[in-house]
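Written out below as structure tokens is the structure these notes cover.
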Amino acid sequence: MTSVLIAALALILMGVAYQQGVSRSRALSGASRLHSRPQYHGAFLALWATVPLLLVLLIWVVTSGMIQDWYIARQLPADILPGTTDYASAASRLRNIASGFGVAGEVAAWETEAGEGLARFMTILRLSIVALGALVGIACLLVMRARLSPRLRARNHVETVIKTVLIFCSVVAILTTIGIVLSLVTETIRFFTYVSPVDFFFGTVWNPGYSTTSNEASGSYGMLPLLVGTIMISAIAMLVALPVGLMSAIWLTQYASPRLRNVIKPVIEVLAGIPTIVYGFFALVTVGPALAGFGEMIGLDINATSALTAGIVMGIMIIPFISSLSDDIIRQVPRAMRDGSLGLGATKSETIRMVIVPAALPGIVGAILLAVSRAIGETMIVVLAAGNAPILRFDPTEPVSTFTVTIVTALTGDADFASPQSLVAFALGLTLFVITLMLNIGALAIVRKYREQYE
Amino acid sequence: MNATSDTSPMGANRIVPSAPASSAGAESRISARDVTVHYGEKQAIFGVSMDVPEKSVTAFIGPSGCGKSTFLRCFNRMNDTIEGCRVGGEITIDGEDIHDPALDVVELRARVGMVFQKPNPFPKSIYDNIAYGPRIHGLVKSKAETDALVESSLKKAGLWKEVSDRLDQPGTGLSGGQQQRLCIARTIATGPEVILMDEPCSALDPIATSIVEDLIHELREQYTIIIVTHSMQQAARVSQKTAFFHLGKLIEYGETEQIFVNPKEKQTEAYITGRIG
Ligand SMILES: Nc1ncnc2c1ncn2[C@@H]1O[C@H](COP(=O)(O)OP(=O)(O)O)[C@@H](O)[C@H]1O
Ligand SMILES: [Mg+2]
């Protein structure tokens, strides 16, 4: 309710201010040439009117919790001491009554009264804050409107504000990343107080025991079985995706007529748009049983959920990734290179094998690394199709487990969040993050180096 | 130099190919009859006929866009590699129709080599750049043969002295003029009879240009050369015969000296005196 009101208010204020700025500066322009065009004066005033309003609201958002606590503290009986659990639950009962959320159990008369009082208090306060914000906004608008002049560098001011907003947004993105990494790191360090890093990184047994005393690390947390599973599935995926993706890229760039290419390329890219969960049950329902049946036919014991199933389906998922990256890279090889080879009497396929692909190789390697990092981080397909068996073995027909699957199981179980059984997810996540980061950095470096080659 | 080329039998056969019997009476080994080229709907070459004499340099001149490159590409069928390009008419080399389905275009391009406007060495070593063609065509059997052919080709292209100590370095690291001579050497290595050059000096500085022109002068003794050039001075310096094209038509074709001193056609005269650009 109030938020709609605030939004409407801010928009109206903005519109009025903009209109004022435009018309006022137009009027001024009769006297002498404007430094900035009227639109900039409009935007200048609109900013001056809405930013103060938003600042007031921001202060409110930050402080409202404290004000509410202060009010609640005055309502609670003196015998409930601050800092106790009784105090916290009493306060939260009041809040729930005030918000109309309702509470369990008998509601005392004083509670009802205090709760309604709180609701009234907060509503009045909120409305007055909105009014205050509007007043400040209008005041700023009037002051700045009086200061409009032909020489006012409204354009520069507006540009500065826009730049600041852009910087702010990118800082938000960077800070979020840093925050995520930091939380990963701190939780990982907490995990390592239970399990030694050596046991984690080099242990060959994954068997986190679910002990009743959750502060004990019982069981073993060796990540090697997961690493092997991850690598095995990614390798199988690349074995599928690389030849198919690369060859389809070669066909698309070198053989297909433009008309055909315009049809085929989007179709291949549709593969990239299929949600991975769909691939997951495709693996589970179709590919897995088919592989098992095929194995039976040739006398091989293949599990329906296995590294092979997950790897093959993941490979299919990655095909468009490889194909469209390689397509771009191959297309960048200058036509002159191709003509040179054809002019010497090389056939098309000789030219591709001996000139075009070697010339594009660094870029293709970069694309492969990017694809590998996607394969390693992929979750849904392996959750459904890999069988979740964290055992160190090298047979792709058997079920395996990966980093991502283990993270999912660690966090979705009902273990205490502070227990090593859950904390290990952060250690795994951090390891995964570092691996994919390295792959990405390597890939980008290679791709960039390759780009420069023909400039 | 001669000794080296003699030691590689295939190369020697191809480089000095004209057994008297086959070329007797045939003054010109390349002849074009009523050649037309279309790019899609658009016609670029209109019924051009000419005979190109062997072991000499023939220059194609004419304003930009008049179809010199297009016509040149007919001789090694490079137009086949261009989407939507159709070639009509008849072109024969040593009496053989190059559009004959029985003739292998791969074979044709080994016999009719091409040097492009912009030097386009492969991103491989200097050695591999030269060895590329011979290996594709199976002209070399052993490492020793390849070494010999690389050396003789580089010598013929006048590049041996400059690069003999760094054959394993990338061809793309050479200067523009050296790259272009590397491309010429690369073409020579497949033992062609004809070398097509499409404005081979347009990306080069004057000094590199004059080196390449000297080289063309020498190559004339062994190869039939057709060169497209936008520089009339260059045509006058290097060629024996000159063909002037305008808007896809062959306007005049004759001895270079005659074309420049005493053109028969008004348009030719207008072009060489700078009135058609
Ligand atoms: N690949 C192509 N596709 C379509 N048109 C082309 C192509 N190459 C050349 N042309 C056209 O053919 C005509 C002759 O071009 P070109 O042979 O390159 O001329 P020149 O080499 O004499 O400058 C020009 O009008 C040009 O636009
Ligand atoms: Mg041209």
Side-chain angles (χ1 to χ4, degrees), chain A residues 249-265 326-367 445-455, chain B residues 14 69 72-73 75-84 104-125 128-139 170-173 179-180 182-192 195-198 203:
Chain A
I250 288 174
W251 180 73
L252 279 176
T253 52
Q254 308 296 321
Y255 290 93
S257 72
R259 195 146 28 98
L260 208 52
R261 179 166 60 234
N262 288 342
V263 178
I264 304 286
K265 211 178 166 196
S326 316
D327 183 307
D328 292 344
I329 290 159
I330 291 175
R331 214 179 285 275
Q332 274 185 33
V333 176
R335 197 195 148 91
M337 213 71 86
R338 198 184 107 178
D339 285 348
S341 172
L342 293 174
L344 285 171
T347 63
K348 217 163 178 175
S349 75
E350 282 167 343
T351 302
I352 291 166
R353 262 188 301 123
M354 291 151 73
V355 174
I356 294 179
V357 170
L361 198 60
I364 292 174
V365 170
I446 292 174
V447 170
R448 191 165 311 139
K449 187 146 173 250
Y450 166 76
R451 288 254 156 79
E452 286 162 3
Q453 202 173 308
Y454 295 118
E455 276 163 10
Chain B
R14 287 165 165 271
S69 301
L72 187 74
R73 283 196 299 264
F75 294 109
N76 66 345
R77 288 181 49 186
M78 276 301 276
N79 282 327
D80 293 8
T81 68
I82 296 173
E83 201 83 42
D104 187 4
V105 69
V106 165
E107 198 58 34
L108 172 71
R109 288 186 193 146
R111 288 170 56 192
V112 184
M114 186 159 199
V115 176
F116 297 82
Q117 190 162 350
K118 241 185 88 196
N120 57 350
F122 303 129
K124 301 174 184 290
S125 70
D128 286 337
N129 261 281
I130 311 284
Y132 182 79
R135 281 181 185 147
I136 284 175
H137 296 291
L139 301 183
T172 40
Q179 287 189 12
Q180 196 60 300
L182 178 65
C183 293
I184 294 174
R186 183 174 79 179
T187 306
I188 291 174
T190 62
I195 300 178
L196 310 173
M197 298 186 175
D198 191 351

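Sequence lines set the chain letters: A, B, ... in the order given, protein chains first and strands last, and positions in each chain run from 1. Keep in mind it's a predicted model, so treat the numbers as computed, not measured.
Rounding to the nearest 0.5 Å gives a distance of 10.0 Å between CG of B:N120 and CE of B:M114.
The environment of CZ in A:R335 is crowded: more than 12 heavy-atom neighbours from other residues, nucleotides or ligands sit within 6.0 Å. Counting non-hydrogen atoms of neighbouring residues, nucleotides and ligands closer than 6.0 angstrom, the NZ atom of B:K118 reaches no more than 12 such neighbours.
Under the side-chain contact (heavy atoms from CB on, under 4.5 Å) criterion, A:R331 pairs with A:T253, A:R261, A:D327, not counting sequence neighbours. In terms of the side-chain contact (heavy atoms from CB on, under 4.5 Å) criterion, residue partners of B:A131 (sequence neighbours excluded) are, by chain and number, B:Y127, B:R135, B:T146, B:V150. When the side chain to side chain donor-acceptor pair (under 3.5 Å) test is applied to B:R73, the partners found at least two apart in sequence or on another chain are B:Y39, B:N79.
Considering only heavy atoms from C-beta on, B:T172 stays 4.5 Å or farther from B:F122 through its side chain.
Heavy atoms closer than 4.5 Å to chain A are found nowhere in B:P119, neither backbone nor side chain. In this structure, the portions of B:R186 lying under 4.5 Å from any heavy atom of chain A include both its backbone and its side chain.
At a heavy-atom separation below 4.5 angstrom, chain B is approached by A:G340, A:S341, A:L342, A:G343, A:L344, A:G345, A:A346, A:T347 within residues 340-347 of chain A.
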